[in-house]
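Because the structure is a prediction, the values reported are computed rather than measured. Every chain is numbered from 1 and lettered A, B, ... according to where its sequence line falls, protein lines coming before strand lines.
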Protein chains: 2
Amino acid sequence: MNIESLKLFCLVVDEGSISQAARLSFVSQPAVTRQINQLENFYGTLLFDRTNGKMIVTEIGKILYPFAKAIIHDFERSKEVILLQQGEYHLNLRIGASFTIGEFLLPSLLGKFKKQRPEIKVTLTIKNTPGVLLDLSNDVIDLALVEGFVETNHLLVKKFAEDELVLVCPPDHKWRNRQDVPIDELVNERMIWRESISGTRHIVESILKEYGVLDRTINYMEIGSTQAIKSAVEAGLGISILPKLAVAREVEQGQLIKVNITKIDLTRNLWMVQKPQRFNRKGLSDFVKFVKSSI
Amino acid sequence: MNIESLKLFCLVVDEGSISQAARLSFVSQPAVTRQINQLENFYGTLLFDRTNGKMIVTEIGKILYPFAKAIIHDFERSKEVILLQQGEYHLNLRIGASFTIGEFLLPSLLGKFKKQRPEIKVTLTIKNTPGVLLDLSNDVIDLALVEGFVETNHLLVKKFAEDELVLVCPPDHKWRNRQDVPIDELVNERMIWRESISGTRHIVESILKEYGVLDRTINYMEIGSTQAIKSAVEAGLGISILPKLAVAREVEQGQLIKVNITKIDLTRNLWMVQKPQRFNRKGLSDFVKFVKSSI
DNA sequence: CATAGCATATAACAAATTGTTATACATTGA
DNA sequence: TCAATGTATAACAATTTGTTATATGCTATG
C-alpha cells in the first residue's frame, strides 16, 4: 500500500475529479485512474460513484477518507521532524587535527570558514595523528586533518596541502651562517624529537634512515610538544627538524635559524581523511570544498 | 512511500535483526535490507547503526518509529472498518422479480435459500418486467428475475428456468374436453390480457402475430393482475394465456381448464439479469449459485 | 438534436520497483 | 582458526507505475 495512492484518493475526493487531481499532482490522468482502481481493488469495494462521469465519493470512501488523511499527516510530520533533526546534524562539524596542523594551520582557516558560514558549529580536537585517526574510526570526529602515513584501509584520503620540514638550530649554533648543511653533518648532532608516534617524527626518521644517518644522530631528548621543542632549541639544548609552518614566525624574528639540508626535500603532504559514510553531514562537504579552494 | 516498508522498519527495530524480520515477514533477507535502505535514502539519514553486524536503531530511527507505528495502525484500522462495513453490504440482497416469477416461483425458492443462509437479508420487490429492469439499472435491486425480451445492453443475462404459457378457459367452456385446439380457433375468442407492458403479454402477442391470429382475436379485457385474470376466466368472462406456474393449482383443482394449442410451443425462458458491477455483494453470487443448482 | 468539449476508462508499452537467488564480507563463539 | 550467523551487493525475473493514444459517455450549446 502506497501513501501516494492515499494522497491521490484524498485529492480526488476533494476535487471531485480525477483529471483535476492529475493536473494538481503533475501526473497523467490514467495514472490517477489506475491508482484509484487499485485502491478500490485493495479494499474490495467502490470508493467513488462514477454516475454521469462525476466522481462522487461513496459511503465507504467517506469512511476511508479520515484514515487516509491521518496517515498522510503522520507521514508528512515524520518527514518534517526528521528534517529538523537533520538540520542540527548537518550544521555540526567535528574536526580532528594533528598538532602541527591544528595549532598552526587550522586556526586561521577555521576563522575564515566561520566568517563565511557562521551557522556551522565547528569543534576542533587536536591530538597526535594516530589519536586523530582513532577518533575518526570511532565516529568521534567527521574529518581528520593529518600529516603522513595514513593506511587507506576503508578511509577516504585526499591531499589538501603541503608542508616542508626544516632543520632549525639556535641563533648561536655553528651552522648559523650556513645556507646548506649536507645530511652527513647531522651525525653527532644533538637531536630533539617529538614523541615516537608523532607523524612529523615518522617522516623525519624515515628520511634519515634512508640516508643512513638516523642511527648516528644523538637522540638527545623527546618532547611531546612542538612549542616546547622550539623553546628547547632556542635555549641551545640541541637542533630539531620541525614543520616550516610551526617555526615560520620564530625564524622570521631570528629566534631560530633555519638551515636547509643539502639536496634533500623534506616536503610532505598534509591529508584530509574521511570515513566513507552513506550520509555525510552537509557542513562536512562544505568545509572540504572550502579547504580545497582556499589552499 | 510504501506502508509495507514502514512495517518492515518497525519489525527490524523490534527484532533488532533484518534476518529475523525477513523470516517473520516470509520474504528474503535482501528484500528487507533493500526496503530499509530505501527508507534511509528517502529520509536521507541512517535509521540503524550497523556496528558489529547488529541493527541498532539510531536516534533518528527512534523518531521515525512512533510515526511509522501510527501510520500502520491507522492503515490496519481502515481495513478493519471498511471490512466491517462491507459485511453489512454483502449480507444484504435486493431481488426484483416480475409478477409471475415473484408471486409463484420465488416464494418457495427464497424460503429454501433463507433456510440455508439465514444471515442473508433478502428484499424482494415485485413489479412488471420493465419496472424491475429499471430498478436494476438504478441500482435499487441487485438481481432481476424476469421473463422474456431483455435487451442485453450492458446487462448480464442468464437463463435460469423455463416456463410454459398455457391456454386456460372456464370449466364450462366449449373446449373443456379438448386436448388440443388449433391456433386458428382462437379467432373470435374473447381474450383477457395482462397490461400491455407485461412480459407475458409481449410473448403471447408475438406468437399470435407470427401465426396471423392476433388481429382477429377479441381484445376483450385488460387486467393488471394475473390473479384477477384467473378469477375472470373462472367466472366465464373469457379465456387467457397464462404462465403454467400461475395456473398450476387451479388446473389441478378443476377451477380452470388447460388446453394445448396444437403444435405450438409456448415455452419461454426465465432470465436472471445482473448489472455488470466491479464489486458485487457476496450474497448475490451465492444466491445466483443457489438458483442455478436448485432448478 | 447534433456536436464540440470535457471526463473517465482501457490498451500497449517503457521505466522503475520489488522480489528472488547466489555470493561476498564481517562478526561471534566454540 | 573455523563454522555459524547476519548484512550487503549483484544479477535477473516479475510486478508495478507512469506514459501516450484512444474509446466511451455525459453536458452544454448552437
K.L.:
Atom CZ of A:R50 to atom P of D:dA23: distance rounded to whole Å?
P.N.:
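Answer to the nearest Å: 22 Å.
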
K.L.:
Does anything in residues 11-19 of chain B come within less than 4.0 Å of DNA chain D? Heavy atoms only, and list the residues if so.
P.N.:
B:S17, B:I18, B:S19

K.L.:
May I have the distance from A:M1 (atom CE) to D:dT17 (atom P), rounded to whole angstrom?
P.N.:
10 Å

K.L.:
Side-chain N or O of A:T33 less than 4.0 angstrom from OP1 or OP2 on C:dT8?
P.N.:
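False: A:T33 side-chain N/O out of range (4.0 Å or more) of C:dT8 OP1/OP2.
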
K.L.:
Side-chain donor-acceptor pairs under 3.5 Å in residues 83-91 of chain A, sequence neighbours left out?
P.N.:
from: A:Q86; atom 1: OE1; to: B:T45; atom 2: OG1; distance (Å): 3.3
from: A:Q86; atom 1: NE2; to: B:Y43; atom 2: O; distance (Å): 3.4
from: A:Q86; atom 1: NE2; to: B:G44; atom 2: O; distance (Å): 3.2
from: A:H90; atom 1: ND1; to: A:K282; atom 2: N; distance (Å): 2.6

K.L.:
Any pair with a residue in residues 14-26 of chain A that passes salt bridge (Lys or Arg N to Asp or Glu O under 4.0 Å), sequence neighbours left out, goes on the list, sorted by first then second residue, please.
P.N.:
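Qualifying pairs: A:D14-A:K69.
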
K.L.:
Could you tell me which residues satisfy salt bridge (charged side-chain N to carboxylate O under 4.0 Å, His left out) with B:K79, sequence neighbours excluded, listed by chain and number?
P.N.:
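If we apply the salt bridge (charged side-chain N to carboxylate O under 4.0 Å, His left out) test to B:K79, skipping adjacent residues, the hits are B:E76.
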
K.L.:
Side chains of B:Q35 and B:N2: do they bring a donor and an acceptor to under 3.5 Å?
P.N.:
no

K.L.:
Could you tell me how far apart A:N2 (CG) and D:dT15 (P) are, to the nearest whole angstrom?
P.N.:
18 Å

K.L.:
Which residues pass the side chain to side chain contact (heavy atoms under 4.5 Å, CB included) test with A:S137, sequence neighbours left out?
P.N.:
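With sequence neighbours excluded, A:S137 shows a side chain to side chain contact (heavy atoms under 4.5 Å, CB included) to A:L134, given in chain and number order.
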
K.L.:
For B:K121, enumerate each residue passing the side chain to side chain donor-acceptor pair (under 3.5 Å) test, keeping only those at least two apart in sequence or located in another chain.
P.N.:
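In terms of side chain to side chain donor-acceptor pair (under 3.5 Å), with neighbours along the sequence ignored, B:K121 is linked to no residue.
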
K.L.:
List for me each residue that meets side chain to side chain donor-acceptor pair (under 3.5 Å) alongside B:D163, sequence neighbours excluded, and say none if there are none.
P.N.:
B:R268

K.L.:
What one-letter contact string describes nucleotides 20-30 of chain C from 5' to 3', where B marks a base within less than 4.0 Å of any protein heavy atom, S marks contact via sugar-phosphate atoms alone, and - marks no contact?
P.N.:
BBB---SSS--

K.L.:
Which nucleotide wins on minimum distance to the side chain of A:R23, given the candidates D:dT7, C:dA7, C:dT18?
P.N.:
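Selected nucleotide (nearest to the side chain): C:dA7.
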
K.L.:
Would you kindly give the CZ-to-P distance between B:F48 and D:dG6, to the nearest whole Å?
P.N.:
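So the two atoms are 16 Å apart, to the nearest Å.
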
K.L.:
What residues form a side chain to side chain donor-acceptor pair (under 3.5 Å) with A:T33, not counting sequence neighbours?
P.N.:
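A:Q29.
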
K.L.:
Would you say D:dG6 has OP1 or OP2 under 4.0 Å from some side-chain N or O of B:Q20?
P.N.:
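The answer is no; no side-chain N or O of B:Q20 sits under 4.0 Å from OP1 or OP2.
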
